[in-house]
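Order of listing sets the numbers, starting from 1, for every ligand and every atom in it. Residue numbers start at 1 and run along the sequence shown.
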Amino acid sequence: MTQTFVDTIPMLPFGMLNAFLISRGDRAVLVDTGLPNSERKIEKALNARGLDWSNLTLTILTHAHIDHAGSAARVQTRSAAPLLAHHDELPYCQGQPPLLTPSGPFGRVFYRTGAIQRPFDTVTPDVIMTTDVFDLSEFGIAAQVLHTPGHTPGSVSVLLDDGRVIAGDLAASGILLGGIACRAHPKSPPFEEEPMRVVASLQHLLSLDCGLFFLGHGGPLPATAVQRHSDTLRQRFTPRV
Ligand SMILES: [Zn+2]
Ligand SMILES: [Zn+2]
């Protein structure tokens, strides 16, 4: 049976920032594109599986922050693969400054550096997801894209049929931006628009028996750690009466 591989593409060292390549046979789906000028790293990941840009059938943006969508426009030019983003993420794809609500002290400091507010090449997705579920079988992968809002309004996750899921910035692990150390320790990414929507999205994924969560910053995390994080968030943001 042909195996489906999920390869982490290290966009920054120590797991601080990851994109992912899902491949099966000679077909591959790219999930996120990293910071601007990351095409070479993506090409290396394709080559490591004996593939090149022509094998890419689809590029998916989990969301349109600069560290995930920064190279999307260039990838769109380099490959013939369509680019998919959720409808609710279109304003950020097209250059509207994102609402960056710090999730803690690191987010507040990071915000002041201005690094995440830098403009990047705007992008027009070829496939605009307007439903909650989008099936990937026609792109050669047994997986679904699920709308999992909260980090941003149009955040999506990619759930493989075997329970592995690429959840973007729905959660993170490690320290500071994520990764580096303590990678088994779940946390919020530096910014999070709507924490209670994050909880609902995490609970939705957990209810679908997701076993292993690949993350944009840090990870991967087992379902038990994600459940713990979801419980912590819920306690912190449930209004007290
Ligand atoms: Zn993000
Ligand atoms: Zn991120």
Inset, instruction - Determine, for Glu39 against Arg78, whether the closest basic-nitrogen to carboxylate-oxygen distance falls under 4.0 angstrom. - result: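 No, no charged N to carboxylate O under 4.0 Å.
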
Inset, instruction - Determine which of the N, O or S atoms in His151 is closest to the Zn ion (ligand 1) and give its atom name. - result: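 Within His151, restricted to N, O or S, the Zn ion (ligand 1) is closest to atom NE2.
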
Inset, instruction - Find out whether the Lys NZ or Arg CZ of Arg24 is both under 6.0 angstrom from the six-membered ring centre of Phe5 and within 45° of the ring's axis. - result: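 Output no; distance or angle outside limits.
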
Inset, instruction - Assess the pair His63 and His86: is the distance between their ring centroids shorter than 6.0 Å? - result: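 So the answer is no for these two rings.
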
Inset, instruction - Report, rounded to 10°, the angle at the Zn ion (ligand 2) between the two atoms NE2 (His68) and OD2 (Asp67). - result: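 Roughly 100°, rounded to 10°.
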
Legend entry - Atom name of the N, O or S atom in His217 that lies nearest to the Zn ion (ligand 2):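 In His217, the N, O or S atom with the shortest distance to the Zn ion (ligand 2) is NE2.
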
Inset, instruction - Give, rounded to 10 degrees, the angle between NE2 (His63) and OD2 (Asp169) as seen from the Zn ion (ligand 1). - result: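 Here the angle at the metal atom is close to 90°, to 10°.
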
Inset, instruction - For the Zn ion (ligand 2), decide whether His65 has an N, O or S atom at a distance under 2.8 Å. - result: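 Checking His65: none of its N, O or S atoms is under 2.8 Å.
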
Inset, instruction - Nearest 0.5 Å please: distance from the CG atom of Asp32 over to the CD1 atom of Ile166. - result: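 Answer for the CG-CD1 pair, Asp32 versus Ile166, is 8.5 Å.
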
Legend entry - OG on Ser79 to CG on Leu30, rounded to 0.5 Å: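 One finds 8.0 Å between CG of Leu30 and OG of Ser79.
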
